[in-house]
Each structure stands twice: as structure tokens, then as C-alpha cells.
*Asks:* 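First the structure, which I've put down as C-alpha cells, then a few questions once you've had a look.
Order of the sequence lines fixes the chain letters, A, B, ..., with proteins taken first and strands second; residue numbering starts at 1 for each chain. The structure presented is a predicted model; accordingly, all values stated were derived computationally and were not measured.
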Amino acid sequence: MILEQITAQLSETLKSRVLVLFGHAVDRVVLQAPPRLAMGDLATPLCLELAKALKRKPREIAETMAKDLELPTFVEAVSVEGAGYLNFRFDRGAFTAAHIRTVMEPGPAPGERVIVEHTNINPNKAAHIGHIRNAVLGDTLVRLLRWLGYRVETQNYIDDTGVQVADVVVGFERLQKEGVAEVQKHIDDPSVPFDYYCWDLYSRMAVYYQENPEAQQWRRDTLHRIENQEGETAQLAALVARAIVKQHIATMLRLDITYDLLPKESDIIHQHFWARAFEMLKESGAITLEQEGKHKGCWVMKLAETEQFEGMDEPDKILVRSNGTVTYTGKDIAYQLWKFGLLDRTFNYRKFLTYPDGHVLWESSHDSETDPAAPKFGGAKKVFNVIDVRQSYLQKVVKEGLRLLGYTREADNSIHFSYEMVALTPATAKALGMELSAEDAGRAYVEMSGRKGLGVKADDLMDAMQQKATDAVRDGGKAEGLSDEEMRALGRTVAVAALRYFMLKYGRNKVIAFDFDEALTFEGDSGPYLQYSTVRVHNIFRKMKERGVDALIDDRSLDALTLNEGLTDEMWELVRLSADMPAAIRRAVDSLELSVVTHQLLELAQKFNSFYHKYPILNEKDDAERQRRAVCAEVFRRTMTKTLELLAIPVPERM
RNA sequence: GCGCCCAUAGCUCAGCUGGAUAGAGCGUCAGCCUCCGGAGCUGAAGGUCGUAGGUUCGAAUCCUACUGGGCGCACCA
């Protein structure tokens with residue numbers, strides 16, 4: 001926070017000084033940490049940029065600027081360096097003393113209502129690692145937004161009436177000749193998790209369709225009955241979807257991922273969201289009924305004139321088919337309108353479950369009454385849809401729909417948080433029993449396929465990671481006195497850190513070629529490395545307390561803090577990096593590039609480990625020197641603890 | 001055909017709105033536990049930033065064209 005204030009202040013000062021001295025207006029000033037610490041703590045190439053406009057030499061401008069420049073608090077000196085950079089040096093001691101009190105303090109809260117929709121797994125099979133990437137990105141975004149002061153509502157949309165569920169229902173009814181009673185038995189069978197059972201059934205069904213194309217009729221009939229809530233088929237679909245959603249919720253809870261609301265497709269149909277949206281679209285002229293051509297009889301959204309879509313072969317998007325039924329895109333527009341509170345109808349709600357921490361998860365319902373205890377959902381200022389990049393086109397169409405309806409602001413605030421898919425390395429695919437063509441074996445990665453039942457199940461991966469972590473705890477010799485149960489809990493903690501970090505550390509536009517060995521490393525650029533560093537710093541303070549050594553970081557000692565010249569470069573770098581964390585979080589959210597935060601954390605932890613080896617604290621006899629070191633360690637501890645909490649990476653007592 | 005994304009060290013990736021000598025992790029090699037925990041630390045080797053032009057005082061970063069790879073562009077969800 002302090003650093004952000006200094007940067008803002010400095011930026012203003014420089015701008016006005018350029019104006020006063022040269023009569024030139026600058027709209028932004030780049031201020032960043034110079035490449036090497038020796039150069040200072042903040043630097044700007046401002047004078048290099050000005051050189052041309054002012055027709056003067058950069059260094060000359062810089063000298064003029066630097067002379068008698070008014071510096072903000074904590075900034076000690078300004079100098080001209082290199083080709084004409086202005087470099088600023090902080091008063092390390094004073095800055096550190098102020099910073100330690102305000103580590104990871106958020107800025108003013110905007111308080112805006114924001115919806116983040118993520119996870120959205122089809123409720124017809126077990127979650128796989130691709131879904132974990134989605135959920136971890138979404139959940140982390142939620143946490144960061146909350147820290148920034150937004151009021152965030154987390155939605156996990158359940159498509160309980162789609163073909164995917166229908167296919168599993170067909171599998172039960174036609175392939176296995178089973179009804180509600182038998183399926184309930186599968187659900188209650190503890191030997192095979194129901195989502196795993198359906199994973200296999202779903203891929204069996206896909207094979208069956210391939211071999212018996214006429215069976216596609218079953219799918220159409222089943223889908224129809226589900227949509228119209230007809231008979232036992234509809235009941236069965238609801239039963240299957242509900243049971244699997246429960247397992248997805250449980251799977252995600254292992255990673256500490258929770259939701260506020262499960263809006264269901266079936267309720268969107270039941271509450272006639274589309275009917276209302278359809279009226280709005282017709283009234284505004286956003287869609288037209290095609291009178292001729294290949295789309296005759298369809299209601300179509302014309303996108304040819306919008307620049308986003310120009311040059312496309314098929315710039316028209318059908319929202320209502322010639323048989324009068326609405327497409328997925330149509331429903332999505334209606335749902336998006338609801339999220340912004342633009343649809344004059346809403347869901348009814350009931351409790352789905354209560355999480356162990358007491359937080360209630362709600363679901364939409366078409367009960368005649370809504371639960372009066374339900375909070376107000378929807379009506380957000382900004383909506384983030386966490387969906388993989390393959391849905392970009394669709395998301396653009398939905399956005400354009402809002403714009404054509406005249407909701408320009410909402411269209412701008414419909415944000416598609418897109419990310420690349422998780423694929424498998426050929427080695428991992430092979431290990432899973434996938435038969436690879438020669439071509440596939442030579443590729444960098446192979447795509448997963450739910451239809452073919454090819455993929456790494458989320459729970460399997462977590463089990464494997466947990467097992468490996470538990471073994472590491474046992475072998476590490478730090479587990480003396482721990483029960484098996486405690487060791488497993490510790491293993492779970494490490495596994496969660498490893499997995500969440502793994503999903504965050506790549507840029508969102510990178511395809512993750514998933515490899516077991518890579519995901520199971522707990523060294524170097526990994527979640528456990530961050531945990532380990534934090535456990536270490538906790539230990540220092542615990543040991544000092546045990547041995548009665550005063551760390552001198554209590555409030556009174558901090559008041560009397562005089563760090564002055566004592567901070568070495570290594571110590572100061574820790575503080576400087578810590579101070580950068582809030583800005584890194586802001587940058588991560590603004591760019592939706594959450595890896596910015598993990599990179600900042602990694603760099604910070606590396607600096608600490610290096611500091612740790614060089615500067616022992618516990619055995620330092622000189623009070624002033626020990627305090628200096630302890631203060632730096634404490635700054636690190638506070639930064640790590642808070643930031644890891646924001647990423648839902650737990651920190652154990654020991655590991 | 002049109003659109004989007006990716007290409008940086010042997011491998012996997014960083015590189016913030018153009019800025020100073022392009023950085024990590026893994027792997028390889030050489031070291032470090034009588035000293036707060038070795039899931040760690042120190043050092044070494046390793047790069048024509050896909051290619052060719054262009055803009056700029058300055059390009060891995062911006063523009064153009066190409067090459068290679070991936071993904072989209074349904075009266076499917």
C-alpha cells in the first residue's frame with residue numbers, strides 16, 4: 001500500500017514538473033523497479049521519452065528535472081543514470097518501519113457487485129483435470145476480487161437438461177434397462193463412486209451411438225422428455241444430475257473451492273427466462289425472422305455489421321430454430337441478462353447444502369415458493385464467465401446480444417475469462433491406457449475426451465498427490481509423534497498447495513500438457529516450496545519464543561525501531577518485493593493473468609530462502625542486528641501468510 | 001476461406017502498459033547440514049527471443065508478411 005502511494009505521488013509530481021518546466025503535458029509516467037538493486041528502488045525512462053518532443057538531450061532533461069525535485073516521504077534521493085533515467089532511492093529503514101505495519105493492507109473498497117461464474121461441469125460424469133483448471137482460476141479470481149473490496153457472488157451453472165445428461169440417462173434406460181430404483185442403488189453403492197460409474201457409462205454410450213447410429217433417436221426423445229419434465233425419464237435425469245453435482249461439489253471442496261449459487265438450466269426453462277428475453281430481442285429489433293434462404297423460418301441475430309464479426313462466412317447467428325425451439329446461445333443471452341438484473345423475472349431458491357464452515361450453498365428451484373432466507377442473487381455490475389477459450393466465439397455473440405439490446409455498459413462488463421485447455425502428454429495418455437496413433441505419439445500433447453472416457457479424473461489426481469505428499473512427510477523425518485491420520489492431513493495440505501499452484505503458474509493462454517511426474521514434483525517452482533519457506537519462517541519465531549530470545553518485533557519494539565543503515569541489499573530486497581505484492585494482485589486481476597501472483601510469490605520465497613541461509617536470527621547476539629533480521633523475516637511472513645491465504649494455499653505447522 | 005491463440009536455454013515456463021547486462025524451475029556438472037529444518041542454499045555450463053522486413057533514441061515486447069503448431073467459425077450443448 002505504501003509503495004502504491006509513493007508511486008502515485010511521484011507520478012503526479014513528475015507530470016506537473018514537466019508541465020511547469022517545459023510546458024509539456026504527459027498522460028502517464030512509467031515507474032518501475034530498475035533491473036538491479038544498485039540502481040535504486042524506482043526508476044522512470046520519462047526523460048528519454050521527452051527527448052524528441054522537447055528536442056533536447058535526455059540526460060540534460062533529466063538533470064533539470066532532478067534538480068530541487070520535491071520527493072515524497074520515504075524517498076531519500078533522486079539521481080540521473082544511464083542514458084537519462086531518473087532513479088529514486090528509498091530511505092530503507094523508514095520505509096521498512098512503515099511497511100511492516102501495513103503489509104498486504106488492501107486499498108479502498110469499490111464495493112461493487114460482481115458475479116464470477118465458474119466450474120460449470122456437465123453433471124453426467126466425474127470431474128477431470130481440465131475442470132480443475134477452470135475451478136482453481138475461478139475460485140482464485142473470486143478471492144482476489146474480494147480482497148480488492150468487491151462484493152462477489154460465485155455461481156456454478158448446472159446444465160441439467162443437456163445432451164450430456166441425456167446420454168447417460170439413455171445409457172441407464174436403454175443399455176442397462178434400469179430405472180430410478182436401480183440407479184438409486186448405484187448412487188448408494190460405496191464401492192464405485194457414482195460419478196466414476198457414469199464416466200464409464202457415458203463413454204460406453206458414445207461407442208454405442210457410433211456403432212448404432214439409429215440410436216440417436218433415443219437421445220432426441222430423451223432430451224425432449226427431460227426438457228418437458230415428462231415421466232420417469234425426467235425424474236431419472238434429475239436424480240443423476242443431482243447425485244453427480246453433489247460429487248463435483250465434494251471434489252472441489254477438497255481444494256477448498258465453494259460456491260454461493262447453483263443456477264440450473266431446468267429452472268431457466270421453467271421460469272421462462274427465454275420467453276422474456278425473446279420479447280426484448282424482438283422489440284429492440286436485435287433479431288429478425290428470416291423469410292427466405294437457408295435460414296428460412298429461423299430467428300436470427302445479424303452480426304455482419306459489427307466489426308468483431310466482419311469477414312466471416314456466416315455472420316448470422318440463429319437463436320430460434322425453424323421448429324421454434326431456442327438454441328443454447330439464446331438461452332445464454334437470457335441468462336446473461338438475468339445476471340445483470342435486466343430480465344424482469346428471477347429464480348426461486350432453496351438450500352442445496354451447508355458447507356462445514358457454515359456457508360450455505362443455494363440452488364435455483366421451481367418450487368412454488370422461494371426460501372425467504374435466500375439472499376438476493378444476480379443484478380451485478382460486472383460478470384466474469386470463466387470458460388475455456390474454445391467458447392470465445394459464443395461468448396462474443398452473447399456479449400453482442402447485450403449490445404444490440406442497447407445495454408452497452410453491460411456488454412462491456414461481460415467479461416470472458418478465457419483460458420487454454422488441459423491436455424495430456426503422450427506419456428501420460430499412454431499410462432492411462434490410451435492407444436495412440438503414430439501421429440499422436442509425436443505430438444506435444446493429446447486432447448482429453450469425455451466421450452471416449454480419456455482423461456485424468458480430478459479425484460484420482462488428488463489421491464495420487466496426497467499419497468505422494470504423505471509419503472514425503474513420513475520419509476522426511478518430520479513426522480515423529482504424528483498419527484497416521486495427522487500425516488494424511490498434512491499430505492492433503494501439501495497436495496492442495498501443489499495442485500492449486502500448478503493450475504495458476506502457467507499463463508492462461510498456455511495449453512497445459514499435463515504430466516504426472518511434473519504435477520507430482522514438490523520442488524522448485526511449486527506450491528510446497530512456498531509452504532516450506534513459510535513453515536521455516538514460522539519456525540524461527542516459534543523457536544525464539546521457546547528459547548526466550550526476544551525477536552523485538554512487538555509493537556513497542558517496532559515503535560522504537562531504528563533500522564537506519566543496517567539493512568543490507570538482501571534484507572532490503574525482501575521488503576521491496578513484499579511491498580510490490582498488492583500491485584501484483586491488482587495487475588493480476590486487471591489482466592486476468594493470475595500467474596502474476598504466483599511469480600511474485602516465488603521470487604519472494606527465493607529471496608527469503610537465500611536470506612535465511614545467510615542471516616541466522618535465533619543465534620544473533622547483537623540486539624539491533626537481530627531486530628533488523630527479524631523485522632525482514634516478519635515482513636516476509638506476513639506477506640506470505642496473507643497472499644497464500646488469498647490463493648487458498650494452506651500453510652501447515654510443519655511438513 | 002475467415003478469426004483467435006502459441007513459438008524465448010536440452011525440457012517446462014517468466015519477462016508487468018516498448019526501456020538499462022533476456023530471467024526462473026527441472027535436468028547436467030561442482031560444492032554446502034558440529035550453525036533457526038537439505039521439500040533448502042551457493043556456483044558453473046547452456047539463448048541468432050520461429051524467419052524476414054518495418055516503426056523507434058531504444059523491440060523478446062508494437063506493425064506487416066511468412067513458417068510451424070493448436071483451437072474456433074452448427075437449425076450441438
Side-chain angles (χ1 to χ4, degrees), chain A residues 28 30 32 34-36 39 43-45 48-49 51-52 57-58 81-85 87 122 159 161-164 166 223 265 294-295 297-298 300 308-315 317-323 325 327-329 331-332 388-394 396 418 420-421 423 443-445 447 469 472-473 476-478 494 505-507 509-513 515 518 521-526 528-529 531-533 535-537 539-544 547 549 583-584 587-588 590-591 593 595-596 598-599 602-603 606 609-610 612-620 633 654-655:
Chain A
R28 87 199 156 91
V30 175
Q32 14 183 230
R36 275 172 296 124
M39 295 170 166
T44 177
L48 281 76
E49 292 166 28
K52 194 173 189 186
K57 287 179 183 153
E81 296 187 31
Y85 291 90
N87 291 21
N122 276 308
D159 183 3
T161 59
V163 271
Q164 307 230 25
L223 199 51
E265 169 97 3
K294 60 178 175 177
H295 293 160
C298 298
V300 166
Q308 301 250 21
F309 297 86
E310 65 185 346
M312 285 194 48
D313 284 352
E314 190 49 80
K317 186 72 201 173
I318 292 165
L319 297 192
V320 179
R321 304 180 187 105
S322 52
N323 67 6
T325 57
T327 61
Y328 176 78
T329 314
K331 278 187 268 190
D332 221 21
D388 82 60
V389 68
R390 288 172 291 192
Q391 306 252 20
S392 295
Y393 170 74
L394 202 85
K396 253 160 85 172
S418 80
E420 265 291 357
M421 60 173 177
R443 287 176 198 270
Y445 53 84
E447 198 177 346
V473 169
K478 288 290 154 191
V494 173
K505 74 176 197 175
Y506 299 98
N509 288 325
K510 289 272 198 241
V511 175
I512 296 180
D515 184 77
E518 201 189 327
T521 34
F522 299 154
E523 286 160 15
D525 183 11
S526 72
Y529 176 83
Q531 287 181 309
Y532 185 70
S533 314
V535 167
R536 271 183 153 174
V537 75
N539 275 346
I540 296 173
F541 290 107
R542 209 193 55 220
K543 282 250 161 82
M544 275 197 278
R547 298 195 199 167
V549 180
R587 209 175 339 122
D590 287 346
S591 62
E593 202 56 90
S595 57
V596 168
T598 53
H599 287 129
L602 177 68
E603 211 177 322
Q606 283 171 330
N609 276 316
S610 173
Y612 175 89
H613 282 273
K614 195 161 174 183
Y615 298 98
I617 298 172
L618 185 54
N619 293 325
E620 176 54 48
R654 50 179 163 172
M655 61 188 283

*Asks:* Which whole number of Å gives the distance between the C1' atom of G69(B) and that of G50(B)?
*Replies:* 11 Å
*Asks:* So which atom in Glu593(A) and which in Gly507(A) form the shortest heavy-atom distance, rounded to 0.1 Å?
*Replies:* OE2-CA, 3.2 Å
*Asks:* Students often get this wrong, so: under 4.0 angstrom with heavy atoms, is Val389(A) touching a base, only sugar-phosphate, or nothing?
*Replies:*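 Answer is nothing: Val389(A) stays at 4.0 Å or more from every strand.
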*Asks:* Go through the N and O atoms of the side chain of Asn539(A) and the base of G37(B), and report whether any donor-acceptor pair is under 3.5 Å.
*Replies:*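 Indeed, a donor on one side and an acceptor on the other fall under 3.5 Å apart.
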*Asks:* Suppose we define a pair by two distances each less than 3.5 Å, Watson-Crick or G-U wobble; what does A14(B) pair with here?
*Replies:* none
*Asks:* Within the structure shown, what part of the strands sits under 4.0 Å from Tyr445(A) by heavy-atom distance: base, sugar-phosphate, or nothing?
*Replies:*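 Result for Tyr445(A) = sugar-phosphate.
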*Asks:* Between C1' on A14(B) and CD on Glu603(A), what's the gap in Å once rounded to a whole number?
*Replies:*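 Atom-to-atom, Glu603(A) to A14(B), this comes out as 9 Å.
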*Asks:* For a quick test of reading the model: is some side-chain N or O of Ser591(A) closer than 4.0 Å to OP1 or OP2 of C16(B)?
*Replies:* no
*Asks:* How is Val473(A) classified with respect to the nucleic acid when contacts are heavy atoms under 4.0 Å: base, sugar-phosphate, or nothing?
*Replies:*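 Base contact.
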*Asks:* Need one value for Gly507(A): base, sugar-phosphate or nothing, where a base atom within 4.0 Å counts as base even if backbone is also close, heavy atoms only.
*Replies:* sugar-phosphate
*Asks:* Kindly say if Gln606(A) contacts the phosphate of G25(B), meaning a side-chain N or O under 4.0 Å from OP1 or OP2.
*Replies:* yes
*Asks:* Pick base, sugar-phosphate or nothing for Ala43(A), based on heavy-atom distances below 4.0 Å to the nucleic acid.
*Replies:*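 Base, at least one base atom sits under 4.0 Å.
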*Asks:* With heavy atoms under 4.0 Å as the rule, sort Ser392(A) into base, sugar-phosphate or nothing.
*Replies:* nothing
*Asks:* What's the CD-P distance between Gln32(A) and G19(B), to the nearest Å?
*Replies:*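 Taking CD of Gln32(A) and P of G19(B), I get 6 Å after rounding.
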*Asks:* What is the base-pairing partner of U21(B), counting Watson-Crick and G-U wobble geometry with both distances under 3.5 Å?
*Replies:*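 No nucleotide pairs with U21(B).
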*Asks:* OP1 or OP2 of A74(B) versus the side-chain N and O atoms of Lys294(A): is any pair under 4.0 Å?
*Replies:* no
*Asks:* Between P on G70(B) and CE on Met421(A), what's the gap in Å once rounded to a whole number?
*Replies:* 10 Å
*Asks:* Looking for any heavy atom pair under 4.0 Å, which part of the strands does Met544(A) touch: base, sugar-phosphate only, or nothing?
*Replies:* nothing
*Asks:* Partner lookup for G68(B), please. Criteria are Watson-Crick or G-U wobble with both distances under 3.5 angstrom; report none if nothing qualifies.
*Replies:*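 Because both required distances fall under 3.5 Å, G68(B) counts as paired with C6(B).
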*Asks:* Pick the nucleotide of RNA chain B nearest each of Lys614(A) and Leu48(A); which residue has the one closer to the 5' end?
*Replies:* Leu48(A)
*Asks:* Whole Å only: how far is the CZ atom of Arg654(A) from the C1' atom of C36(B)?
*Replies:*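 Distance, rounded to whole Å: 16 Å.
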*Asks:* Ignoring hydrogens and geometry, is there a side-chain-to-backbone donor-acceptor pair from Ser533(A) to Tyr529(A) under 3.5 Å?
*Replies:* yes
*Asks:* Quick one: on RNA chain B, does Met39(A) or Asn609(A) contact a more 5' nucleotide (nearest heavy atom)?
*Replies:* Met39(A)
*Asks:* Checking all strands, does Glu518(A) fall into the base, sugar-phosphate, or nothing category for heavy-atom contacts under 4.0 angstrom?
*Replies:*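 Sugar-phosphate contact only - Glu518(A) comes under 4.0 Å of backbone atoms but never of a base.
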*Asks:* Suppose you measure atom P in G58(B) against the same atom in G19(B); what distance do you get, rounded to whole Å?
*Replies:* 14 Å
*Asks:* From OH of Tyr506(A) over to C1' of G15(B), roughly how many Å is that when rounded to an integer?
*Replies:*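 After rounding, the gap between these two atoms is 17 Å.
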*Asks:* Can you tell me the base-pairing partner of U42(B)? Count Watson-Crick or G-U wobble geometry only, both distances below 3.5 Å, and say none if there is no partner.
*Replies:*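 By the stated definition (distances under 3.5 Å), A30(B) pairs with U42(B).
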*Asks:* On the nucleotide A14(B), are OP1 or OP2 found under 4.0 Å from the side-chain N or O atoms that Lys510(A) carries?
*Replies:*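 Result: yes.
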*Asks:* What is the distance from CG of Asp388(A) to P of C4(B), rounded to the nearest Å?
*Replies:*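 Distance check: Asp388(A) CG to C4(B) P gives 18 Å.
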*Asks:* Whole-Å distance between C36(B) C1' and Arg542(A) CZ?
*Replies:*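 Checked: the CZ to C1' distance equals 10 Å.
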*Asks:* Please work out if Val535(A) contacts a base, only the sugar-phosphate, or nothing of the nucleic acid, heavy-atom cut-off 4.0 Å.
*Replies:* base
*Asks:* Using only side-chain N and O atoms of Arg36(A), determine if any of them is under 4.0 Å from OP1 or OP2 of U21(B).
*Replies:* no
*Asks:* State whether Tyr529(A) places a side-chain N or O below 4.0 Å from either non-bridging phosphate oxygen (OP1 or OP2) of C41(B).
*Replies:*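 For C41(B), OP1/OP2 do have a side-chain N/O of Tyr529(A) under 4.0 Å.
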*Asks:* Are the side chains of Lys614(A) and Ser610(A) in touch, meaning some heavy atoms are under 4.5 Å apart?
*Replies:*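 They are not in side-chain contact.
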*Asks:* Could you give the distance separating A60(B) and G18(B) at their C1' atoms, to the nearest angstrom?
*Replies:*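 The answer is 11 Å between these two C1' atoms.
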*Asks:* Has Tyr393(A) got a side-chain N or O lying under 4.0 Å from the OP1 or OP2 atom of G72(B)?
*Replies:*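 Checking Tyr393(A) against G72(B): no side-chain N or O falls below 4.0 Å of OP1 or OP2.
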*Asks:* Nearest 0.5 Å, what's the CD1-NE2 distance between Ile318(A) and His295(A)?
*Replies:*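 Those atoms lie 3.5 Å apart.
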*Asks:* Choosing from C35(B), U17(B), G19(B), which nucleotide comes nearest the side chain of Glu49(A)?
*Replies:* G19(B)
*Asks:* Just checking Asn87(A): base, sugar-phosphate only, or nothing, at a heavy-atom cut-off of under 4.0 Å?
*Replies:* base
*Asks:* What's the base orientation of C62(B): syn (chi within 90° of 0) or anti?
*Replies:* anti
*Asks:* Could you tell me whether the side chains of Asn539(A) and Arg536(A) share a donor-acceptor contact shorter than 3.5 Å?
*Replies:* no
*Asks:* Could one point to a donor on the side chain of Thr521(A) or the base of C26(B) with an acceptor on the other under 3.5 Å away?
*Replies:*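 Flag unset: no donor-acceptor pair detected.
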*Asks:* Output the rounded distance in Å from NZ (Lys396(A)) to P (G3(B)).
*Replies:*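 About 10 Å, once rounded to whole Å.
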*Asks:* Could you check whether the side chain of Arg587(A) and the base of C16(B) have a donor-acceptor pair of N or O atoms closer than 3.5 Å, going by distance alone?
*Replies:*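 By the distance-only test, yes, there is a pair.
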*Asks:* Tell me the partner of C49(B), counting only Watson-Crick (N1-N3 plus N6-O4 or O6-N4) or G-U wobble (N1-O2 and O6-N3) with both under 3.5 Å; none if nothing fits.
*Replies:* none
*Asks:* Reckon Leu602(A) touches a base, only the sugar-phosphate, or nothing at all at heavy-atom distances under 4.0 Å?
*Replies:*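 Sugar-phosphate only.
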*Asks:* Determine: side-chain N/O of His613(A) to OP1/OP2 of G40(B), distance under 4.0 Å, yes or no.
*Replies:*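 Negative; the distance criterion is not met.
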*Asks:* Any side-chain to backbone donor/acceptor pair from Asp388(A) onto Met421(A)? Under 3.5 Å, distance only.
*Replies:* no
*Asks:* Which part of the nucleic acid, if any, lies within contact of Val494(A), taking any heavy atom under 4.0 Å across all strands shown: a base, the sugar-phosphate backbone alone, or nothing?
*Replies:*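 Val494(A): base contact, heavy atoms under 4.0 Å.
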*Asks:* C73(B) pairs with which nucleotide, Watson-Crick or G-U wobble, both distances below 3.5 Å?
*Replies:*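 WC or wobble partner is G1(B).
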*Asks:* Which atoms form the tightest heavy-atom contact between Ala588(A) and Val596(A), and what is the distance?
*Replies:*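 For Ala588(A) versus Val596(A), the nearest heavy atoms are CB-CB, 4.0 Å.
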*Asks:* Would you please confirm or rule out a distance under 4.0 Å between OP1 or OP2 of C57(B) and any side-chain N or O of Lys52(A)?
*Replies:*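 Yes, because at least one side-chain N or O of Lys52(A) sits under 4.0 Å from OP1 or OP2 of C57(B).
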*Asks:* For a 4.5 angstrom cut-off between non-hydrogen side-chain atoms, does Val30(A) reach Pro45(A)?
*Replies:*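 Side chain of Val30(A) against side chain of Pro45(A), heavy atoms only: contact under 4.5 Å found.
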*Asks:* P atom, C26(B) versus C41(B): distance in rounded Å?
*Replies:* 8 Å
*Asks:* Now, which nucleotide makes the Watson-Crick or G-U wobble pair with U61(B), with each of the two distances under 3.5 Å?
*Replies:* none
*Asks:* So, does Thr329(A) use its side chain to make a donor-acceptor pair with the main chain of Leu319(A) at under 3.5 Å?
*Replies:* no
*Asks:* Using atom P of each nucleotide, how far apart are G53(B) and C11(B) to the nearest Å?
*Replies:* 26 Å
*Asks:* Does a side-chain N or O of Lys543(A) approach OP1 or OP2 of G37(B) to a distance below 4.0 Å, or not?
*Replies:* yes
*Asks:* Minimum heavy-atom separation for Leu48(A) and Tyr85(A), please, with both atom names.
*Replies:* CD1-N, 3.9 Å
